[in-house]
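In what follows, a structure is listed as structure tokens, so that the remarks can point back to it.
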Amino acid sequence: MAATIGGISVGLGIPCSTKLSKRFSSSRSSRVRMAVTVEEKKNFTLKKSEEAFNAAKELMPGGVNSPVRAFKSVGGQPIVIDSVKGSHMWDIDGNEYIDYVGSWGPAIIGHADDEVLAALAETMKKGTSFGAPCLLENTLAEMVISAVPSIEMVRFVNSGTEACMGVLRLARAFTGRERIIKFEGCYHGHADPFLVKAGSGVATLGLPDSPGVPKGATYETLTAPYNDISAVENLFESQKGEIAAIILEPVVGNSGFIAPKLEFLDAIRKITKENGTLLIFDEVMTGFRLSYGGAQEYFGITPDLTTLGKIIGGGLPVGAYGGRREIMEMVAPAGPMYQAGTLSGNPLAMTAGIHTLKRLKEPGSYEYLDKITKKLIQGILDAGKKAGHAICGGYISGMFGFFFTDGPVYNFEDAKKSDAAKFARFHRGMLEEGVYFAPSQFEAGFTSLAHTSEDIQRTIAAAEKVFQQI
Ligand SMILES: Cc1ncc(COP(=O)(O)O)c(C=O)c1O
């Protein structure tokens with residue numbers, strides 16, 4: 001069935017069984033579904049992936065350039081990707097998957113969108129990097145500033161990690177204090193001060209912290225359980241006048257999907273204001289995903305500073321931090337806080353970001369994400385319960401997750417009660433059914449405007465089958 005986004009028909013569901021045709025399959029007005037035939041399914045093999053991954057292990061640590069990709073927490077053979085388009089991806093063995101990772105968030109309008117690719121081709125004719133100001137930076141900055149309530153000025157960088165490093169230095173520079181509070185299970189990139197109880201890949205590998213991080217680097221980092229305001233109050237009580245900032249994921253994605261209690265967000269806004277502490281929303285994942293103005297618009301709570309990444313680069317490497325003008329004017333060269341980047345504001349990354357945001361701004365985008373994600377998570381939870389599993393989960397807009405536990409899950413300790421071994425069996429089963437979820441229990445899932453009702457139905461049908469087997 002076709003759905004309509006801003007008058008545009010998506011998900012026409014024209015079956016097509018040859019791999020070749022995928023190259024032409026995802027024009028905006030007719031995203032074409034690929035059919036996985038029974039015969040293809042029987043032949044599910046990861047032989048080429050295995051060969052490539054074995055070779056990679058000799059070349060790169062663990063065979064990857066980012067740890068969770070190695071499937072350590074779910075076991076089994078990682079898949080090596082050949083191409084992506086719309087809501088689907090193909091591995092080098094020719095297996096096709098409905099993708100709920102979306103390159104870990106950026107692919108919110110679908111992978112390799114035709115308009116983004118065309119815009120990139122145009123920009124590329126003028127060069128790939130200027131290392132000097134360009135108009136595209138102004139355009140994306142204006143879009144970000146007008147969308148995100150807390151941002152009056154923005155600095156573009158190259159990754160979410162860089163954005164979080166920059167924002168931390170800025171918060172310390174502005175307040176003249178050094179202590180920060182972060183929450184257990186929240187991930188703010190891999191910079192030293194944040195590698196304390198950092199969820200996601202760190203948890204997946206069973207490393208509470210990382211060797212190589214000097215004690216001094218995390219000495220000023222205080223932690224509290226997510227959604228626990230009394231723990232935060234205790235820290236403020238014992239560290240009076242010392243806390244520069246609280247940083248958090250306004251919806252956690254790096255311990256699996258965990259929604260905040262509204263009263264928790266309200267209370268940390270209040271306590272930070274009362275104590276001259278800056279509130280930082282790390283919206284690298286939630287920015288432009290929960291709503292066009294991010295989690296802060298969705299919940300109606302405005303932080304002092306915000307970090308962004310993923311979606312604003314439309315699949316190219318980007319991060320950003322921004323906030324109130326008086327704070328941002330501390331950043332060099334306007335002010336004394338130093339931060340720089342050779343490729344920052346890169347014209348290709350700016351182009352992909354601009355065209356991704358343009359599409360998201362069209363009426364109906366977030367309603368569509370809400371509709372399909374709700375259907376997906378309800379279908380998964382119903383199927384899991386029907387098969388007798390303890391399972392709980394939730395979603396907001398195009399972000400979702402589920403745990404193999406009865407729940408409720410309010411923080412990382414609750415999340416760890418999930419049956420990770422069962423998740424691993426579920427993950428492998430779904431992969432064989434042509435559905436790709438993040439290879440860790442401690443990661444959120446993502447939908448996109450390119451996911452069709454057909455994709456969702458096929459995913460639920462696959463889950464019904466796999467839940468019977470695990
Ligand atoms: C909330 C959050 N902050 C920061 C980061 C780090 O971003 P990057 O991987 O681009 O360095 C991530 C990455 O997933 C994230 O989810």
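Contact annotation: the side chain of Arg177 approaches that of Thr277 to within less than 4.5 Å [non-hydrogen atoms, C-beta and beyond]. With contacts defined as side-chain heavy-atom distances shorter than 4.5 Å, the pair Gln339/Tyr321 qualifies. A 4.5 Å side-chain heavy-atom check between Tyr97 and Val435 finds every atom pair outside the cut-off. For the pair Asp282 and Val167, the minimum side-chain heavy-atom distance is 4.5 Å or more. Between Ile396 and Phe299 the shortest side-chain heavy-atom distance falls below 4.5 Å. Under the 4.5 Å side-chain criterion, counting only non-hydrogen atoms from C-beta, Ile181 is in contact with Ile243. The shortest distance between side-chain heavy atoms of Ile98 and Tyr436 does not fall below 4.5 Å. Looking at heavy atoms from C-beta onward, Lys375 lies in side-chain contact with Ser453 at the 4.5 angstrom threshold.
A donor-acceptor pair under 3.5 Å is formed between the side chain of Ser365 and the backbone N or O of Leu360. Using a distance-only test at 3.5 Å, with no hydrogens or angles considered, a donor-acceptor pair links the side chain of Ser159 to the main chain of Glu162. In terms of modelled atom types and a separation under 3.5 Å, the side chain of Gln239 and the main chain of Arg179 share no donor-acceptor contact. Using modelled atom types, no side-chain atom of Thr272 and backbone atom of Leu278 make a donor-acceptor pair closer than 3.5 Å. For His389 (side chain) and Phe467 (main-chain N/O), a donor-acceptor pair under 3.5 Å exists by modelled atom type. Looking only at distances, no side-chain donor or acceptor of Gln457 sits under 3.5 Å from a matching main-chain atom of Thr452. Remark: the backbone N or O of Asp414 is not paired with any side-chain donor or acceptor of Thr405 at under 3.5 angstrom. The backbone N or O of Cys186 sits less than 3.5 Å from a side-chain atom of Lys182, completing a donor-acceptor pair. Between the Arg425 side chain and the Val74 main chain, no donor and acceptor come within less than 3.5 Å of each other. Without hydrogens or angle criteria, Lys385 side chain to Ala390 main chain gives no donor-acceptor distance under 3.5 Å.
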Pair Phe264-Phe183, ring pair (Phe, Tyr, Trp, His ring centres under 6.0 Å): steps then yes or no = CA-CA 12 Å; Phe264 170 71; Phe183 292 94; 5.4 Å; yes
Dump the intermediate steps for side chain to side chain contact (heavy atoms under 4.5 Å, CB included) on Leu305 and Phe174, then the final yes or no.
-> CA-CA 11 Å; Leu305 291 165; Phe174 185 76; over 6 Å; no
Worked check of side chain to side chain contact (heavy atoms under 4.5 Å, CB included) between Glu367 and Lys371 | CA-CA 6 Å; Glu367 287 79 1; Lys371 189 179 95 177; over 6 Å; no
Start with the C-alpha gap between Tyr366 and Leu290, add the side-chain angles, then the distance that decides, and say whether side chain to side chain contact (heavy atoms under 4.5 Å, CB included) holds.
-> CA-CA 8 Å; Tyr366 292 91; Leu290 301 195; over 6 Å; no
List the steps and the verdict of side chain to side chain donor-acceptor pair (under 3.5 Å) for Glu443 and Ser440.
-> CA-CA 6 Å; Glu443 298 286 353; Ser440 164; 4.9 Å; no
When you look at His451 and Tyr100, which way does the side chain to side chain contact (heavy atoms under 4.5 Å, CB included) test go after all the steps?
-> CA-CA 9 Å; His451 282 84; Tyr100 292 104; 3.5 Å; yes
Apply side chain to side chain donor-acceptor pair (under 3.5 Å) to the pair Gln77 and Ser49, showing each step before the final yes or no.
-> CA-CA 8 Å; Gln77 175 58 50; Ser49 280; 5.3 Å; no
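A salt bridge is defined here as a Lys NZ or Arg NE, NH1 or NH2 lying under 4.0 Å from an Asp or Glu carboxylate O, and Lys416 with Glu413 meets this definition. Taking 4.0 Å as the cut-off between side-chain N and carboxylate O, Glu51 and Lys47 count as a salt-bridged pair. By the 4.0 Å N-to-carboxylate-O rule, Arg172 lies too far from Glu178 to be salt-bridged with it.
The salt bridge (Lys or Arg N to Asp or Glu O under 4.0 Å) contacts involving residues 297-320 comprise Arg269-Asp304, Asp304-Arg324, where partners must be two or more places apart or lie in separate chains. Sorted by first and then second residue, the salt bridge (Lys or Arg N to Asp or Glu O under 4.0 Å) pairs with a member in residues 270-280 read Lys270-Glu274; sequence neighbours excluded.
Atoms CG and CG, from Leu376 and Leu369 in turn, are 12.0 Å apart once rounded to the nearest 0.5 Å. Residue Thr447 holds its OG1 atom at 7.0 Å from CD1 of Ile108, rounded to the nearest 0.5 Å. Between Tyr395 atom OH and Ile372 atom CD1 the span is 11.0 Å, to the nearest 0.5 Å. Going from atom CD of Glu96 over to atom CZ of Phe44 covers 12.0 Å, rounded to the nearest 0.5 Å. To the nearest 0.5 Å, atoms CZ (Phe403) and CD (Gln441) are separated by 6.0 Å. Arg359 CZ to Ser448 OG: the interatomic distance, rounded to the nearest 0.5 Å, is 10.5 Å.
Residues forming a side-chain hydrogen bond (donor to acceptor under 3.5 Å, both in side chains) with Tyr226 (at least two apart in sequence, or on another chain): none. For Glu263, there are no side-chain hydrogen bond (donor to acceptor under 3.5 Å, both in side chains) partners at least two apart in sequence or on another chain. With sequence neighbours excluded, no residue forms a side-chain hydrogen bond (donor to acceptor under 3.5 Å, both in side chains) with His427. Applying the side-chain hydrogen bond (donor to acceptor under 3.5 Å, both in side chains) criterion to Asn411, with sequence neighbours excluded, gives no partner residue.
Shown here for Ala70 and Gly62, the closest heavy-atom pair between the two residues is CB-O, 4.0 Å. Contact detail for Thr356 and Gly314: the closest heavy-atom pair is OG1-CA, 3.3 Å. Taking every heavy atom of both residues into account, Ala352 and Leu316 meet most closely at CB-CD1, 3.7 Å. The two residues Phe446 and Val101 have their closest heavy-atom pair at CD1-O, 3.2 Å. Closest of all the heavy-atom pairs between Phe402 and Ile391 is CD1-CD1, 4.1 Å.
Looking at Thr306 and Ser150, their side chains do bring a donor and an acceptor atom within 3.5 Å of each other. Between the side chains of Ser230 and Glu233, no donor N or O sits under 3.5 Å from an acceptor N or O.
Counting non-hydrogen atoms of other residues, nucleotides and ligands closer than 6.0 Å to NZ of Lys422 gives a total above 12.
Here Phe412 and Phe442 bring their ring centres to under 6.0 angstrom of each other.
When each of Val80, Ile79, Leu46, Asp82 is checked for a side-chain contact (heavy atoms from CB on, under 4.5 Å) with Asp93, only Leu46 meets the rule.
Below 30°, between 30° and 60°, or above 60°: for His88 and Trp90 the angle between ring planes is between 30° and 60°, a tilted geometry.
Seen from the ring of Tyr410, Lys261 counts as a face-on cation partner, given the 6.0 Å and 45° thresholds.
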